[in-house]
Amino acid sequence: MGSRRRGKNPHAEADQFRRRAVTGFAIVALCLIGLGAWYFKLQVIDHADYATRSEANRIRPRPVVPGRGTIYDRNGLLLAENVPAFRLDVTPDKVKEPAKLVADLAKIIELSPEDIERFDATRKATRGFRPITLKLRVSEEEMARFAVDRWRYPGVELVPYLTRRYPYGELFAHIVGYVGRVDEKDLETLGEINSALTHIGKTGLERYYDEQLRGKIGYEKVETNVEGRALRVVGRVPAQAGTDLRLSVDAKLQQAIVDSFGELEGSAIAVDPRTGEILAMVSLPSYDPNLFVNGISSKDFKLLNDNPSRPQFNRLVLGGVAPGSTLKPLIALAGLDSGKRKPEDSVVSTGMFYLPGTSRGWGDASRRGHGVTNLRKSISQSVNTYYYRLALDLGIAQFDDYMEHYGFGQPTGVDLRGEIGGILPSPAAKLKARKERWYPGDTVNVAIGQGDWKVTPLQLVRATAGIANGQMRRPHLVSETRVGFDRPWQPMPQPAPIAISSHPANVEVVRLGMQDTMQPGGTGWRVALNAPYLMAGKTGTAQVISRRGTAAVDPRSLPMHLRHRSLFVGFAPADNPTIAIAIAVEGGGYGGSTAGPMARKIFDAYLLGKMPEKEGEEAVPGAAPPATTPASEVMPPSPVPATPANPGPSPAGRGVGVRVGGDRTGEVRADVAALAPRSSDVFAIARAPTLTPTPLPGGEGLARARALQETRR
């Protein structure tokens with residue numbers, strides 16, 4: 001009997017279908033709900049994030065570096081400017097093989113070993129998305145070769161920018177300073193916001209006012225295609241231009257000071273005693289700051305570093321000298337203010353001073369002595385005995401209190417980085433430096449500016465200006481600033497002045513003593529001979545080596561770097577001072593014979609518009625004749641005339657940035673301010689205009705001085 005087929009159960013099958021249909025529908029519904037939730041998350045919750053990412057793929061932010069602020073002298077002469085150039089930037093994360101890329105680029109663009117080394121070091125230290133400069137200042141020919149094969153180098157761009165240029169080169173190197181390429185330490189300081197900067201101030205005003213000069217970085221939103229090529233700018237956050245600076249420095253006076261030095265080395269500074277504005281400041285030898293802007297070559301850097309004259313060393317801010325006799329007017333003022341001396345009080349100079357119970361003597365400039373000496377005579381004839389006794393009467397503690405009040409042992413606050421405070425001699429300083437106690441003989445030494453003294457020309461000129469005006473002011477270089485070329489200049493605020501003395505009559509007596517110095521019988525009388533204005537000053541000589549026992553050392557027997565430093569401080573017109581100066585000449589010998597004549601040239605340039613004479617020019621009638629050694633300097637009066645047999649202190653072949661040329665002491669190079677551009681410059685640089693001897697604005701006291709001169713005649 002055949003098997004019996006099982007019958008279908010339509011009800012059971014219908015139930016099973018419904019269960020399966022409901023399950024399938026539920027699964028589909030859950031998937032749709034999940035998909036909808038995911039879409040909701042993408043379109044609503046995460047919309048801002050993905051919109052930003054999408055925009056970032058289409059829009060690329062490009063930093064806009066503002067033009068660096070320019071720097072002018074007081075008459076509007078441009079001292080630091082910006083000129084257009086192109087650089088080659090590489091974005092590492094868009095390059096597969098950086099080493100191969102650099103090798104290929106070197107075939108069409110000249111890359112120095114320094115460029116490649118700097119690129120590799122920066123690439124390892126920075127993030128891959130940040131562009132790195134491979135070469136600054138690409139030439140037009142190199143730009144053309146790169147443009148032909150640009151498609152072969154993804155991630156490589158030619159970027160326009162403004163580079164710094166200093167038209168007057170070494171003339172203002174120690175004032176303006178220079179900018180240099182940003183390094184790793186700079187990036188840590190600058191932070192992410194300023195990471196697009198390629199240059200930063202390294203020295204001088206460029207460094208002190210770097211934050212104001214560089215401005216604020218802006219950004220552009222650049223639309224790109226799938227290949228990363230820029231199509232258009234769709235948005236912009238404008239950059240803020242850097243602050244412009246107007247200096248108190250006068251370029252013509254700066255040139256006059258350089259010319260007055262000839263081939264000698266040293267430093268000089270001139271200020272307006274009424275305001276504290278620095279009219280000129282020179283440290284010689286100097287160097288060309290343009291060498292450092294886009295990276296100095298190894299050869300040039302070695303020449304500068306190996307130069308024994310140290311052209312990069314700013315003698316005004318970083319260097320110090322013993323003040324010598326230039327300190328005597330201030331010590332005299334301290335004696336008056338302390339009540340230890342009256343103007344009419346006198347001492348007898350016999351030519352040698354001895355401490356009680358000692359055989360070691362301290363001499364006067366004249367070994368025969370100066371006789372009866374009051375305060376004014378002590379200044380005008382530089383009588384050491386007067387100050388030996390005065391310092392002992394004051395005592396070193398009170399002596400230091402007054403010298404500290406006059407600004408010694410502390411920075412002046414000039415707007416330049418790295419200023420030293422010098423050394424104010426004291427028992428504590430000697431004990432700390434040499435582990436020795438203080439003796440009365442130390443007080444005698446410091447009384448004439450010798451011993452452990454170390455002062456800067458900035459400190460000397462500030463105190464000298466204080467005597468001239470009665471008020472000590474902060475020496476400063478920047479007088480006005482502006483943000484934008486169409487904005488008005490705004491004065492730079494300065495701290496309140498400090499009275500040099502609470503007794504104006506005492507200051508007047510010291511002024512008269514400094515005027516006597518420049519009159520017949522004074523140590524600087526030849527300097528002021530036939531001057532149409534009154535002059536006040538003080539000559540000085542600072543020993544570099546100590547005496548042999550009680551015997552003086554003839555500076556002519558020493559090598560140039562061990563010869564005495566020649567010093568001068570003064571102001572003019574003496575009846576209404578508009579300029580105060582301090583000069584320190586290295587290896588110059590005596591103050592009256594070297595630094596003094598320089599001072600006359602500087603005063604003439606500022607007050608009369610008479611620039612120092614160049615070689616071959618005839619002497620102007622009435623000018624001061626060459627000065628001989630004064631009769632009352634610290635050392636014996638032995639004239640050291642400038643002759644071919646007695647050359648200046650500058651060694652031959654000093655290297656890059658050093659003034660050379662000429663075979664006579666005192667010969668002047670006419671093109672100090674007109675340096676030729678380097679051959680490596682890729683764009684044309686116009687030769688800086690030579691400063692011509694056009695008259696400077698005369699001081700207010702000049703007319704009165706001339707009238708007085710006519711009355712005397």
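Owing to the predicted nature of the structure, the values given are computational and were not obtained by experimental measurement. The figures here come from the full heavy-atom set of this structure, side chains too, leaving out hydrogens, waters and symmetry mates.
- Of the charged side-chain nitrogens involved, at least one lies within less than 4.0 Å of a carboxylate oxygen, so that Arg600 and Asp604 count as a salt-bridged pair.
- Note: Ile423 CD1 to Asp452 CG = 7.0 Å, rounded to the nearest 0.5 Å.
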### Task
List the steps and the verdict of side-chain contact (heavy atoms from CB on, under 4.5 Å) for Ile500 and Leu333.
CA-CA 9 Å; Ile500 194 170; Leu333 180 60; 4.0 Å; yes

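- Across all their heavy atoms, Thr594 and Ser566 have their closest contact at CB-OG, 3.5 Å.
- Taking the six-membered ring for Trp and thresholds of 30 and 60 degrees, Phe353 and Tyr388 have ring planes inclined between 30 and 60 degrees apart.
- Taking a cutoff of 4.0 Å between a charged side-chain nitrogen and a carboxylate oxygen, Asp393 and Arg341 qualify as a salt bridge.
- Partner of Ile278 under the side-chain contact (heavy atoms from CB on, under 4.5 Å) criterion, out of Leu416, Val478, Val414: Val414 alone.
- Atom CZ in Arg376 sits 4.0 Å away from atom CG in Asp516 (nearest 0.5 Å).
- The stretch residues 319-346 participates, sequence neighbours left out, in no ring pair (Phe, Tyr, Trp, His ring centres under 6.0 Å) pair at all.
- Here the straight-line distance linking atom CG of Asn469 with atom OG1 of Thr464 works out to 12.5 Å at 0.5 Å rounding.
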### Message
Determine whether Leu247 and Tyr72 satisfy the following criterion, side-chain contact (heavy atoms from CB on, under 4.5 Å), listing intermediate values before the conclusion.
### Response
CA-CA 6 Å; Leu247 310 186; Tyr72 303 85; over 6 Å; no

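- With Arg462 contributing its side chain and Thr412 its backbone, the two residues share no donor-acceptor pair below 3.5 Å.
- Using modelled atom types, one finds a donor on one side chain and an acceptor on the other under 3.5 Å when comparing Asn445 with Trp362.
- The residue from Asn374, Val510, Leu512 that alone fulfils the side-chain contact (heavy atoms from CB on, under 4.5 Å) condition with Ile379 is Val510.
- Partner Tyr386 forms a side-chain contact (heavy atoms from CB on, under 4.5 Å) with one of Asp364, Leu375, Val348 and no other, that one being Leu375.
- The nearest pair of heavy atoms linking Leu171 to Ala251 is CD2-O, 4.5 Å.
- There is no side-chain donor-acceptor pair under 3.5 Å between Ser501 and Asn506.
- Here the side chain of Glu419 pairs a donor or acceptor atom with the backbone of Gly413 at under 3.5 angstrom.
- Contact record, Pro273 with Ile579: CD-N, 3.6 Å, taken as the closest heavy-atom pair.
- Interatomic distance, Gln398 CD to Asp337 CG, rounded to the nearest 0.5 Å: 10.0 Å.
- For Thr456, the side-chain contact (heavy atoms from CB on, under 4.5 Å) criterion is met by Ile420, Leu458, Gln459, not counting sequence neighbours.
- The shortest side-chain heavy-atom distance between Leu279 and Val271 does not fall under the 4.5 Å cut-off.
- The heavy-atom pair separating Leu607 from Thr578 by the smallest distance is CD2-OG1, 3.6 Å.
- By the 30° and 60° cut-offs, the orientation of the rings of Tyr402 relative to Tyr406 is tilted.
- Taking every heavy atom of both residues into account, Ala595 and Phe568 meet most closely at CB-CB, 3.7 Å.
- Thr523 and Thr517 form no side-chain donor-acceptor contact under 3.5 Å, judged by distance and modelled atom types alone.
- For the residue pair Ser378 and Lys328, no side-chain donor N or O sits within less than 3.5 Å of a side-chain acceptor on the partner.
- Remark: the Gln254 side chain and the Asp250 side chain contain no N/O donor-acceptor pair separated by less than 3.5 Å.
- A donor-acceptor distance shorter than 3.5 angstrom exists from the side chain of Arg511 to the backbone of Ile467, with no hydrogens or angles considered.
- Counting only distance, with no hydrogens or angles, the side chain of Lys377 and the backbone of His370 share a donor-acceptor pair below 3.5 Å.
- Ion pairing of Glu277 with Arg74 is present here, as a side-chain N (NZ or NE/NH1/NH2) and a carboxylate O approach within less than 4.0 Å.
- Side-chain contact between Val527 and Pro597: present, with at least one pair of heavy atoms (C-beta onward) separated by less than 4.5 Å.
- Expressed to the nearest 0.5 Å, how far CG of Asn384 lies from CE of Met352 amounts to 10.5 Å.
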#### Entry: Met598/Val585 under side-chain contact (heavy atoms from CB on, under 4.5 Å): CA gap, chis, key distance, verdict
CA-CA 10 Å; Met598 291 182 184; Val585 185; 3.7 Å; yes

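- Checked by atom type and distance alone, the side chain of Ser283 pairs as donor or acceptor with a backbone atom of Arg315 at under 3.5 Å.
- Side-chain contact of Lys538 with Ser382: a donor-acceptor pair under 3.5 Å is present, judged by distance alone.
- Checked by atom type, the side-chain pair Gln519/Ser380 shows no donor-acceptor distance below 3.5 Å.
- Taken to the nearest 0.5 Å, the CD atom of Glu263 stands 12.0 Å off from the CZ atom of Phe261.
- Listed for the Gln450 side chain is no donor-acceptor partner under 3.5 Å among the backbone atoms of Ala322.
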### Message
What verdict does the side-chain contact (heavy atoms from CB on, under 4.5 Å) test give for Ile581 and Phe603, after you've listed the backbone C-alpha separation in whole Å, the side-chain angles of each residue and the deciding distance to 0.1 Å?
### Response
CA-CA 9 Å; Ile581 62 174; Phe603 286 147; 3.7 Å; yes

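- Using a distance-only test at 3.5 Å, with no hydrogens or angles considered, a donor-acceptor pair links the side chain of Asp73 to the main chain of Leu77.
- Using a 4.5 Å heavy-atom cutoff, the side chains of Val446 and Pro425 are in contact.
- Judged by distance alone, with hydrogens and angles left aside, the side-chain atoms of His174 form a donor-acceptor pair with the main-chain N or O of Pro311 at under 3.5 Å.
- Counting only heavy atoms from C-beta outward, the side chains of Phe408 and Asp400 never approach each other to under 4.5 Å.
- Nearest approach of Pro457 to Leu316, heavy atoms of both residues: CB-CD2, 3.6 Å.
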